[in-house]
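Here's the structure we're looking at; comments come further down.
In this text the structure is predicted, and so the values were computed from the model without any measurement. Throughout, protein chains are lettered first and strands after them, A, B, ... in sequence-line order, and every chain is numbered starting at 1. Hydrogens, waters and symmetry mates are skipped; everything else that's a heavy atom, side chains included, is used.
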Amino acid sequence: MATDQASRTSGDPVALLETIFRDAFGTVLGDAGRDADPLVRTGRNPQFGDYQVNGVMGLAKQARTNPRELAGRIVEAAAGALDAIAEPAEVAGPGFINVRLKSEALAAMLDDFDTPRLGLAPDADTRPIAIDLCGVNIAKQMHVGHLRSTIIGDTLARVMERCGRTVHRQNHLGDWGLTIAMVLQELRDRKADLDALSLDDLDAAYRAAQAANDDADRAKQTLIRLQQGDDELLRDWRKIIDVTMRAVYESFDLLGVRLGPENNRPESFYRDRLDAVVEEFLAAGLAETDQGAIIVRFPDRKRPLIIRKSDGGFLYSTTDLAAVKYRVQELGACRVIYVVDARQRDHFRDVFDAIRLIGWDRLADGDTAQLVHVPFGSVLGADRTPLKTRSGENVPLSALLNEAIDRATTEVRKRAAVPDSPTHDLSDETLASIGRAIGIGAIKYADLSSDLVRDYVFNLDRMIAFEGNTGPYIQYAHARVCSIFGKAGLELDEDLRRLGPYVIREPAEKTLALALLRYPGVVRDVAESLEPHRLCTYLFELANAYSAFYENCPVLKAEGEARRHSRLRLCHIVRRVLADGLDLLGIDAPTRM
RNA sequence: GCGCCCGUAGCUCAGCCGGAUAGAGCACCGGUUUCCUAAACCGGGGGUCGCAGGUUCGAGUCCUGCCGGGCGCGCCA
């Protein structure tokens, strides 16, 4: 019976308890109770049970009754349904309800959870989602500023894809502004051979062009010719895009992000739509001419949004309006997510509000698309100012990645040199690929593991440490689990369900089982909140729960076959959750390191 | 000047639409251990949650004001 109940929720006890208590609330309080959220939470303190129901106290206030007494009646109403999976619930404190799962129910839930999907059912909503990420500029090297947008965006995309969603990753390349015209102008002045151009040459031309802004008028002329479709200029323009993107794709490859040419929706993609954007705002009476420019005003702030300059040119705001419209109306995205630097908060607030004013957030099905900016903080150097080289320039991304990889590879080789090390027999090539996985994992995890809006100091020593809440620590935990299967004579990806049921007896086993069952909820939570650090925190806690389990519960030497098989299955599912979680973070999980 | 964000242990950070005694890692101090075990383990000290009010049965969490730091603010992106 417990198995039947649990299987309806793919082994997610929180969902199951929510159903049970929602029913009980309804029985006791009618519709008011049924509509309320029971607020089922995992217990923070084992002494108060495995799960607690916190929703009673709020309801008692509304119903003007004694919360403890109400909790008692709800426990009574839930008792029948609860009996299959839990010990009798207890009322505690001012009106908490504490629930302790029966160990057979826990075992049954784990069994349901033990599938390739790891308990994560696809979302009922199948509409696509658009994520704006990366946003590199043509003629510039990728630098640390693009790192965060790229890896955060890729992670959010992976999480949502894991929830069964179609995600349109949109790389909004900066390929069409005045700066590009300036670079083109600079290169023509130099009579540069565009077929032999390196990215360093381009970068130099970009900086030279920026320095020489006395030529702004000539650059504007160049821009106008480019926008009018001058053949020669367009040809050169495509060449500098090629040079830039070749290096960008190399960085994507090294970083292991799922981005390629198919994700490119550069500014130029929208160039034929910009006139219409301005026209429609004017026609709707939402835009006005002011000092020669065309602006959108908002009722609640002084700052207007300029959508066309007084010289007739368009701005990034115009392009962003066109892009949101495209993503909602043509891609059908019910969420349009921008993973962009926190400094652009005001900009996105204005753009999104303008979209709402004109109604371009309306989907074909009548719903309103959610427009959301995911703001992230800056990467700082040791001096706590934004990371720059000594000469004051942006640090190229490749330099950062290579340093991390070098450090990690050195560490891996050092460990492999020890004769009885598990990596001692690996080829140099394999060790190098492990080093790459650890170096990249360290950088990504450091970027994703704390609240995104906070600035953080780029500190390789801390990132690459094998202790604490770091990428290498999680990878290490995974590799250690892997080593058990070899000793047990099992393959890593073998289906171990044939070994028989889970047996949950020891406290460390129970803690581990409860941690495992939280996984689907955590993934859904990240998809909803857009806060990847919650997944990092979870993986760290799971790794710790596993560590305590492994310390306290013999696996290979467990007494009795049933217990040994159950523990092997626990190891097996821990390995898969760690690997799956790391994959959602875009981090490789080597089996040895 | 206006606006936004941040302020939790010595350091780096968690704290799940307000919920029980505010947690973890690193560092520090004390103890245990050579195990199926690739990061050893257990315990301890350390906090007026920036400050002051307010709402609430209950506030690190919500509201108001202030302090400190960061960022943004009409034709760059």
So N98(A), base contact, sugar-phosphate only, or nothing? Heavy-atom distance under 4.0 Å. base

Just to confirm, is there a sub-4.0 Å distance from OP1 or OP2 of rG7(B) to any side-chain nitrogen or oxygen of R454(A)? yes

Tell me: CZ of F281(A) to P of rC75(B), nearest whole Å? 20 Å

Pair of N/O donor and acceptor under 3.5 Å linking rA77(B) base with D341(A) side chain: no

Can you find a side chain N or O atom of H478(A) that sits less than 4.0 Å from OP1 or OP2 on rA38(B)? no

Counting any heavy atom closer than 4.0 Å, what does C482(A) reach on the DNA or RNA strands: base, sugar-phosphate only, or nothing? nothing

Heavy atom of residues 459-472 of chain A under 4.0 Å from RNA chain B: which residues? R462(A), E467(A), G468(A)

Tell me whether F96(A) and rG19(B) count as stacked here, given that the ring centres must be under 5.5 Å apart and the planes must differ by less than 30 degrees. no

Distance, rounded to the nearest Å, where E69(A) contributes CD and rC57(B) contributes P: 18 Å

Can you find a donor-acceptor pair, distance only, under 3.5 Å between S310(A) side chain and rC75(B) base? yes

Give A342(A) one of three labels, base, sugar-phosphate or nothing, depending on what nucleic acid heavy atoms sit under 4.0 Å from its own. nothing

Pairing partner (Watson-Crick or G-U wobble, both distances under 3.5 angstrom) of rG7(B): rC67(B)

Any non-hydrogen side-chain atom of D203(A) less than 4.5 Å from a side-chain atom of R207(A)? yes

Heavy-atom distance under 4.5 Å between the side chains of I138(A) and M245(A), does that happen here? yes

Going by atom types only, do H172(A) and N264(A) share a side-chain donor-acceptor pair under 3.5 Å? no

Are R567(A) and E509(A) ion-paired here, with the side-chain N under 4.0 Å from a carboxylate O? yes

Determine whether I307(A) and L321(A) make a side-chain contact, defined as any pair of heavy atoms from C-beta on separated by less than 4.5 Å. yes

Would you classify T289(A) as touching base, sugar-phosphate or nothing, given that sugar-phosphate means primed atoms plus P, OP1 and OP2, and contacts are heavy atoms under 4.0 Å? nothing

Let me know the distance between CG of L380(A) and P of rG69(B), rounded to the nearest Å. 16 Å

Atom-pair distance (CD on Q344(A); P on rC76(B)), nearest Å: 15 Å

Using a 4.0 Å heavy-atom cut-off across all strands, classify Q291(A) as base, sugar-phosphate, or nothing. base

Between the base of rG18(B) and the side chain of N54(A), is there a donor-acceptor distance below 3.5 Å? no

Applying a 4.0 Å non-hydrogen cut-off, can you work out what S483(A) is touching in the nucleic acid: base, sugar-phosphate, or nothing? base

Touch class at under 4.0 angstrom, heavy-atom based, for D311(A) against every strand present: nothing

If rC75(B) has a Watson-Crick or G-U wobble mate with both distances under 3.5 Å, name it; if not, just say none. none

Report yes if at least one side-chain N or O of K487(A) is closer than 4.0 Å to OP1 or OP2 of rA38(B); otherwise report no. yes

Mind checking if R384(A) touches a base, just sugar-phosphate, or nothing, with heavy atoms under 4.0 Å? sugar-phosphate

For rA40(B), what is the paired nucleotide under Watson-Crick or G-U wobble rules, both distances under 3.5 Å? rU32(B)

Decide whether S449(A) and N469(A) meet the rule of one side-chain donor and one side-chain acceptor closer than 3.5 Å. no

Side-chain contact, heavy-atom cut-off 4.5 Å: V53(A) with F96(A)? no

Can you say whether a donor on the side chain of S547(A) sits under 3.5 Å from an acceptor on the base of rA39(B), or the other way round? yes

For A543(A), which contact category applies under a 4.0 Å heavy-atom criterion: base, sugar-phosphate, or nothing? nothing

Verify stack between F540(A) ring and rA24(B) base, 5.5 Å, 30 degrees: no

Strictly below 4.0 Å: does K309(A) bring a side-chain N or O up to OP1 or OP2 of rC75(B)? no

K302(A) side chain N/O closer than 4.0 Å to the phosphate oxygens (OP1, OP2) of rG1(B)? no

Touch check for H533(A), heavy atoms < 4.0 angstrom, all strands: base, sugar-phosphate only, or nothing? sugar-phosphate

In plain terms, say whether K388(A) and E393(A) are close enough for a salt bridge, that is, a side-chain N and a carboxylate O under 4.0 Å apart. no

Taking the C1' atom in each of rC29(B) and rG10(B), what is the distance between them to the nearest angstrom? 14 Å

To the nearest angstrom, how far is D346(A) atom CG from rG70(B) atom P? 18 Å

Y476(A) ring over rA38(B) six-membered base ring, under 5.5 Å and 30°: no

Between the base of rC17(B) and the side chain of D37(A), is one N or O donor paired with an acceptor at under 3.5 angstrom? yes

I want to confirm an ordering. Mapping A293(A) and N45(A) to their closest nucleotides on RNA chain B, which one lands closer to the 5' end? N45(A)

